[in-house]
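The structure under discussion appears below in the form of structure tokens.
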Amino acid sequence: AVLEECTRAVNLQPTELFIKKCVEVYEVSILRHGQMSVGPTMGGKSSVTKVLKEAMTKLKLEHNEDRFAPVEVYYLNPKSVTMSQLYGGFDEATSEWREIGRA
């Protein structure tokens, strides 16, 4: 019901396929620390992300559901950072692992 409400709030139709995609992305988010949305133009990637973000945030803040937390989404262009900045990496000079975000 919250997914449908949030879908309508952004002027989209809560079709069965769209709601299913939102649930699939949510299930992946439980298993992974981060994820990338890849697919064709106009495939619904941004819309699913936006609706799911709003629904999860609403479930926590308005319904006090403990399984959810307020969600923040960060978009970045992977071409604007190096691979080690994006994923972290091994520094051969110091034999240490560099954390994500530290070049």
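Distance alone, capped at 3.5 Å, places no donor-acceptor pair between the Thr57 side chain and the Glu54 backbone. Remark: the backbone N or O of Tyr26 is paired with a side-chain donor or acceptor of Ser29 at under 3.5 angstrom. Put simply, the side chain of Lys45 gets close to the backbone of Gly39: a donor and an acceptor are under 3.5 Å apart.
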Audit row: Met56, Leu52, side chain to side chain contact (heavy atoms under 4.5 Å, CB included) steps and yes/no: CA-CA 6 Å; Met56 291 175 68; Leu52 184 58; 3.8 Å; yes
Trace of the side-chain hydrogen bond (donor to acceptor under 3.5 Å, both in side chains) decision for Glu72 with Tyr74: CA-CA 7 Å; Glu72 293 184 35; Tyr74 299 94; 2.5 Å; yes
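More than 12 non-hydrogen atoms from other residues, nucleotides or ligands lie less than 6.0 angstrom from NZ of Lys53.
Grouping the Ile, Leu, Val, Met, Phe, Trp and Tyr side chains by contacts below 4.5 angstrom, directly or via other members, places Val23 with Val51. Val38 and Leu17 are not part of a single hydrophobic cluster, where members link through side-chain heavy atoms under 4.5 Å apart. Hydrophobic clustering, with ILVMFWY side chains joined whenever heavy atoms are under 4.5 angstrom apart, groups Val73 together with Phe68.
For Val48 against Cys22, the heavy-atom pair with the smallest separation is CG1-CA, 3.8 Å. Smallest separation of non-hydrogen atoms from Lys60 and Glu65: CD-O, 3.4 Å.
With Lys58 as the partner, the side chain to side chain contact (heavy atoms under 4.5 Å, CB included) test is satisfied by one option alone out of Val71, Val2, Leu3: Val2.
Atoms OG1 and CZ, from Thr7 and Phe18 in turn, are 4.5 Å apart once rounded to the nearest 0.5 Å. Of the inter-residue distances, the one linking Leu59 atom CG with Cys6 atom SG reads 7.5 Å to the nearest 0.5 angstrom.
Taking the side chain as every heavy atom from C-beta outward, Val10 and Lys50 approach each other to under 4.5 Å.
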